[in-house]
Participant: 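Could you have a look at this structure, given as structure tokens, before my questions?
Each ligand, and each atom within it, is numbered from 1 in the order the structure gives. These numbers come from the heavy atoms of this one structure, side chains and all, not from hydrogens, waters or symmetry mates. One-based numbering along the sequence shown.
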Amino acid sequence: MNEPVLVVGAGLIGTSVGLAARAAGREVLIDDADRDRVRVAVAMGAGREWDGQGAPQLVVVAVPPAAVGRTCAQLLAQLPSCDVSHVCSVQSQPAHYLHGAGSDLARFVGSHPIAGREVSGPTAASADLFVGRPWAVCPVPGSGERAIARVVALAQACGAEPVVLPAGEHDELLATLSHTPQLVASALAATLTGVAADRARLAGTGFRDTTRLADSDPGMWGQIAAANAVHLARSLRAVAEPLRQLADLLDSADQAEVEAAIAELMGRGRRGRALLPGKHGRAAMSLSVVRCVVSDQPGTLARLFGDIATAGVNVEDFRVEHAPGSPVGVVALAVAPASKQALIDGLRAVGWTVTEGPEESL
Ligand SMILES: NC(=O)c1ccc[n+]([C@@H]2O[C@H](COP(=O)([O-])OP(=O)(O)OC[C@H]3O[C@@H](n4cnc5c(N)ncnc54)[C@H](O)[C@@H]3O)[C@@H](O)[C@H]2O)c1
């Protein structure tokens, strides 16, 4: 399946597809309504500019959601021997558009690489964006086997793991897994606008972690929300309703009921989180956390990780937590429970200040 691919839309995802497909040895042609973006993508090595000539076998449409259906319909009509797919975060709306336009659905299949960033545009693209990530391939009634096979092959060439999923099921699932988290992060971050700046700096890593998505592109997300309105509204209510009930209980100040409701919600939360895949896609495992105080100076982290290597401990994950207004931070090191004591002893022996943190799952 080493056939030329035409990428239409040289933004974050389109340019990343081009870079990844080129790295896998595929020939890539690139087009975009904005010629400057094509020039940037080409300069980055994502392929060569499409001049309307050549014979791509597969077109991948990577334009904003509201333009996906229309662009796929135009390309299906313009390139009659070509299969057409897209990478849109929403599947049913483009499919309905194509159905209504009378397009040749045998040459169409939708898709969605479940990978991305909070920033857009070709300069944010990278060849390894899709490595190890799922890539939903979403047939509609009538999608041909050749089109499906070509998109599966492209996903694999980009290092992703293709998962075939009907369009409707994709949209229902992604409302829960992606679209709701985006809006919850934004709503949570928005509460900070009522807090004075010198007080906001007291926010801990929890606030930072749970609001990471809040910097995403509002234009793109408005289109995604509008295109998946029914599923998204249901999913947002599933988040809001227990919180509203909890707020009512807190107003009633019945401590036993509040504690029971929090135990129930947090219990369900833990069960939900345990369903997330762990490192390398395996089942989540329980890890011990060792917290180490580090100074904010060049070479400190290199020295720490050198000492960890000397202790013979493999770090499964780590994060740096910054102390507001202080030139020190804390590195939280997640290790297998059996390695915890060796790590604590090894680091203390060479002068590091370490404490034991709570268990985490990864
Ligand atoms: N950003 C993410 O994290 C992410 C993840 C997975 C899938 N997606 C999907 O990928 C698609 C592209 O998103 P992005 O983040 O790369 O956006 P982007 O803004 O970085 O790029 C979109 C590109 O499409 C071009 N464009 C717009 N209308 C066009 C048209 N009619 N014809 C040709 N080019 C056109 C724009 O000039 C721009 O270069 C969207 O459908 C989105 O749902 C995004």
Participant: Under 4.0 Å from a heavy atom of H112: which atoms of ligand 1 are those, numbered in the order shown and with their elements?
Facilitator: 6 (C), 7 (C)
Participant: Using a strict cut-off of less than 4.0 Å between a Lys/Arg side-chain nitrogen and an Asp/Glu carboxylate oxygen, indicate whether D83 and R150 qualify as a salt bridge.
Facilitator: yes
Participant: Give the single entry among V60, V63, V8 that approaches atom 29 (C) of ligand 1 most closely by any heavy atom.
Facilitator: V63
Participant: For the 3.5 Å polar cut-off, considering only N or O atoms, please tell me whether G121 and ligand 1 meet it.
Facilitator: yes
Participant: I need the minimum non-hydrogen distance between L12 and R117, along with the two atoms involved.
Facilitator: CD2-N, 3.7 Å
Participant: Does this structure show an ion pair linking E356 with K340, if we count only N-O contacts that are shorter than 4.0 Å?
Facilitator: yes
Participant: V109 and A147: which non-hydrogen atoms are nearest, and at how many Å?
Facilitator: CG1-O, 3.6 Å
Participant: Taking 4.0 angstrom as the limit and counting only heavy atoms of P113, give me the atoms of ligand 1 inside it, by number and element.
Facilitator: 6 (C)
Participant: Number the atoms of ligand 1 from 1 as they appear, then name those within less than 4.0 Å of a heavy atom of M220, with their elements.
Facilitator: 13 (O), 14 (P), 15 (O), 17 (O), 40 (C), 42 (C)
Participant: Any N or O of G116 that comes nearer than 3.5 Å to an N or O of ligand 1?
Facilitator: no
Participant: Which residue holds the protein heavy atom closest to atom 16 (O) of ligand 1, what is that atom called, and what is the gap in Å?
Facilitator: I13 N, 2.8 Å
Participant: Under a 4.0 Å heavy-atom limit, does H86 contact ligand 1 with its side chain, its backbone, both, or neither?
Facilitator: neither
Participant: With sequence neighbours excluded, give me every side-chain hydrogen bond (donor to acceptor under 3.5 Å, both in side chains) pair touching residues 40-50.
Facilitator: E27-R48, R35-E49
Participant: Look at the aromatic rings of F130 and W135 and report parallel, tilted or perpendicular, splitting at 30° and 60°.
Facilitator: tilted
Participant: Would you say R117 has any N or O atom under 3.5 Å from an N or O of ligand 1, going by distance alone?
Facilitator: yes
Participant: For atom 34 (N) of ligand 1, state which one of A33, P64, A67, S178 supplies the nearest heavy atom.
Facilitator: A33
Participant: Heavy atoms only, cut-off 4.0 Å: how does A62 contact ligand 1, side chain, backbone, both, or neither?
Facilitator: backbone
Participant: Suppose we screen for salt bridge (charged side-chain N to carboxylate O under 4.0 Å, His left out). Which residues come up paired with R303, at least two apart in sequence or across chains?
Facilitator: none
Participant: For atom 21 (O) of ligand 1, what is the nearest protein heavy atom, given as residue, atom name and distance?
Facilitator: G11 CA, 3.2 Å
Participant: Give me the atom names and distance for the closest heavy-atom approach of C82 to L76.
Facilitator: O-CD2, 4.5 Å
Participant: Using a strict 4.0 Å cut-off to heavy atoms of A115, name the atoms of ligand 1 that fall inside it.
Facilitator: 5 (C), 6 (C)
Participant: In terms of hydrophobic clusters joined by side-chain contacts under 4.5 Å, are L236 and L188 together?
Facilitator: no
Participant: Are any of the N/O atoms on D34, whether in the backbone or the side chain, positioned under 3.5 angstrom from an N/O atom of ligand 1?
Facilitator: no
Participant: Any heavy atom of S216 closer to ligand 1 than 4.0 angstrom?
Facilitator: no
Participant: Do the side-chain N and O atoms of S126 and D128 include a donor-acceptor pair separated by under 3.5 angstrom?
Facilitator: yes
Participant: Report yes if S89 has an N/O atom closer than 3.5 Å to an N/O atom of ligand 1; otherwise report no.
Facilitator: yes
Participant: What closest approach, in Å, do A41 and P122 show between heavy atoms, and which atom pair accounts for it?
Facilitator: N-CB, 4.5 Å
Participant: Can you list the ligand 1 atoms lying under 4.0 Å from a non-hydrogen atom of V87?
Facilitator: 7 (C), 8 (N), 9 (C), 10 (O)
